[in-house]
J.: 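Have a look at this one before I ask anything.
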Amino acid sequence: MTDLSTNAASMTTAAPGARRTEQYLPLSLPVAKLVTLVGAVATTASTFMSWTYTTDFPGDLTVSGYPGGLQVMTLIGAIITGVVALGAFKLKGLAWLNPSRSYNSVLLLALGTLATTWYTVIDIAAKLGGLANLDPGAFVAAVGSLVLFAGALALPIDRHPREEEDAEYIELGALGSSDLAVGAYRRLRELRFNHGDLKVSDPRALNVWLQRLAVVAVYAAGLKVLTFGLATSYSDIFIGYLIVVAFTFWGLGASGLLRQFQQITRENRVFSSSVGIVAAIAYPFAQNNEHWANLGVSVLIVGTVALGLNIVVGLTGLLDLGYVAFLGVGAYTAALVSGSQYSIWSGVQFPFWAAALTGAAAALVFGILIGAPTLRLRGDYLAIVTLGFGEIFRIVVKNLDGVSGPEVTNGPNGIAQIPDLSIFGYNLGDTHEIGSYTLGRFANYYLLMLVITVIVVLVFTRASDSRIGRSWIAIREDETAATAMGINGFRVKLVAFALGASLAGLAGTVSAHVTNSVVPDPYVFSGSVPPNSAFLLAAVVLGGMGTVSGPILGAALLYVIPEKLDFLARYELFAFGIALVLIMRFRPEGIIANRRRQLEFHEDEATTPGKRTLGDDTVPAGTAGA
């Protein structure tokens, strides 16, 4: 491995394709380390000082000796940066924090600390009317975080390898003929970080119980971080929280810790899954707030539906723009057979398991009825047909009111007063005491939906790893080639369509009981209130197509962020659009990347610099997405 203390002159002359480190500020390595640590200590100390004299700013930053509000975000960022920096400097006992032996993690964490600190300072000045409202502590924090960042800039940072002078970039199009454009683009590519392919030690050599202890600690920390963010009552504080969390994940990824944790979870797959389920069960107990329990139910419902859509979009490569209709089919079916007095079968009340199977079966039938005549279409034509199906479903249920059509769904008024579920005598609509904890109505439905989500995840993983799952992936990659190899493309796509529809219908049966009513208005392609088809598709794309946890993470982000950031209420669709544009440009494989799709999207980065050709499929392991 190249010594990170290599001087700047030798860095500049590194051969194309070789590991290259580069300093942004011309300081010697010992001085850079000292400046970094001084900045971390100064920033940490500043959080125990008063940042403003008035309590008008959210979080009460007037108290000395006790950090509050956004000061806590700066404190956490500075401490994490300082500790990781000590690990990067190979301090005995902390070197394990930087297994990649790269200083990139320190720079990213320092940038996150700088961002949240300066955001706080600027926000105070903007909300209170000028810099005069800042106390000395705020200025110490601003300068300290800037010193921390400057010290990190002076460390040798791993950059993208130098590229051949005669490299051609087909993505530049007509601009590729200009030497100025090619040179500028080459320089931009070389400025990128390059820590993804650095080797890290194999954590599976640790004792198996230490590995499992690490899994428990990470999941416990994740639950604490989640509940801490939900407990923030001001959008200003939540923005700082997002900054710190985002840069911490990015920085820990650069250090190699996330890769090591992934290796541990793969090695202990069953144990890790069990701990994850336990952490999810602990969620309503950890925050004990019905509003956030309701949000948890909504996230699981939408995440489960998104997993079904992931079969169609992520695994099979079919664009479905009317998928929310299958959720509606399951919800209406459950509403009709669950004993509501507004149902045409008001005397019929199925037990939950029967209502759930009926809703899933009804959605499956609709999936087959819609898929059978349309799945011979491809691309945009199929997308238009599915979009039409979604609109037809909403219009039809609106007109099944006994006036414009047969009386089935009660038209625009929908089916109201759907009774709460009772499972083995446990009424989910009642409040229950478990020890010192109180489980309200939404917490009960959250736990029920968690069981269904686990079932759906098992179905998804088993299906994707099966023979039919490999056929879906083959169809997605090249339907013509898959058909030539003997795969019945139409049958395989119909199975995907039907299975995805049935999973959405299953989630719809719970959704009907959670909301106590079913109306046709939410089942549209796009709207300000989820779920809708655009929201579901955004959750799949944002989280990561073809993955299990990606759609659930995407649904959580799309639900929680607008909920916490009040100013986005009027611009929610605009924010979704911006988020999708950014994710498509900078991480098209999604936040949680499927390995196969990551290699596809970053194929150009996995080939030898200067010899990048369209269609080159030679992708060395561990280099894509670096």
J.: Between T386 and L321 (side chain of the first, backbone of the second, donor and acceptor by atom type, cut-off under 3.5 Å), is there such a pair?
T.: yes
J.: Among residues two or more places apart or on two chains, list those pairs meeting side-chain hydrogen bond (donor to acceptor under 3.5 Å, both in side chains) that have a residue in residues 297-326.
T.: T304-T453
J.: Check for a donor-acceptor pair, side chain of Q287 on one end and backbone N or O of A231 on the other, with a separation under 3.5 Å.
T.: no
J.: Checking F285 against L439 for the side-chain contact (heavy atoms from CB on, under 4.5 Å) test, could you report, in this order, the C-alpha distance in whole Å, the side-chain angles of both residues, the deciding distance, and whether it holds?
T.: CA-CA 8 Å; F285 298 94; L439 289 182; 3.9 Å; yes
J.: Determine yes or no for a side-chain-to-main-chain donor-acceptor pair under 3.5 angstrom, with S511 supplying the side chain and G508 the backbone.
T.: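 A pair under 3.5 Å: no.
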J.: Enumerate the residue pairs fulfilling side-chain hydrogen bond (donor to acceptor under 3.5 Å, both in side chains) with a member in residues 325-340, sequence neighbours excluded, ordered by first and then second residue.
T.: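 Non-adjacent pairs meeting side-chain hydrogen bond (donor to acceptor under 3.5 Å, both in side chains): S338-H513.
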J.: Between N444 and G440 (side chain of the first, backbone of the second, donor and acceptor by atom type, cut-off under 3.5 Å), is there such a pair?
T.: yes
J.: Check the pair L421 / Y445 against side-chain contact (heavy atoms from CB on, under 4.5 Å), numbers first and verdict last.
T.: CA-CA 9 Å; L421 294 171; Y445 276 107; 3.9 Å; yes
J.: Yes or no on ring pair (Phe, Tyr, Trp, His ring centres under 6.0 Å) for Y559 and F535, after CA distance, side-chain angles and deciding distance?
T.: CA-CA 10 Å; Y559 253 112; F535 185 95; 5.3 Å; yes
J.: Do the two ring centres, one from F326 and one from F389, sit under 6.0 Å apart?
T.: yes
J.: Using a 4.5 Å cut-off on heavy atoms from C-beta on, say whether the side chain of K564 contacts that of Y241.
T.: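 In short, these two side chains do not touch, never coming nearer than 4.5 Å.
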J.: Apply salt bridge (Lys or Arg N to Asp or Glu O under 4.0 Å) to residues K398 and D521 and explain how you reach the verdict.
T.: CA-CA 9 Å; K398 268 191 173 183; D521 293 335; 3.7 Å; yes
J.: For L448 and F352, what are the C-alpha separation, side-chain angles and deciding distance, and is it a side-chain contact (heavy atoms from CB on, under 4.5 Å)?
T.: CA-CA 11 Å; L448 171 64; F352 172 68; 4.0 Å; yes
J.: Taking the side chain from Y283 and the backbone from W292, do they hold a donor-acceptor pair closer than 3.5 Å?
T.: yes
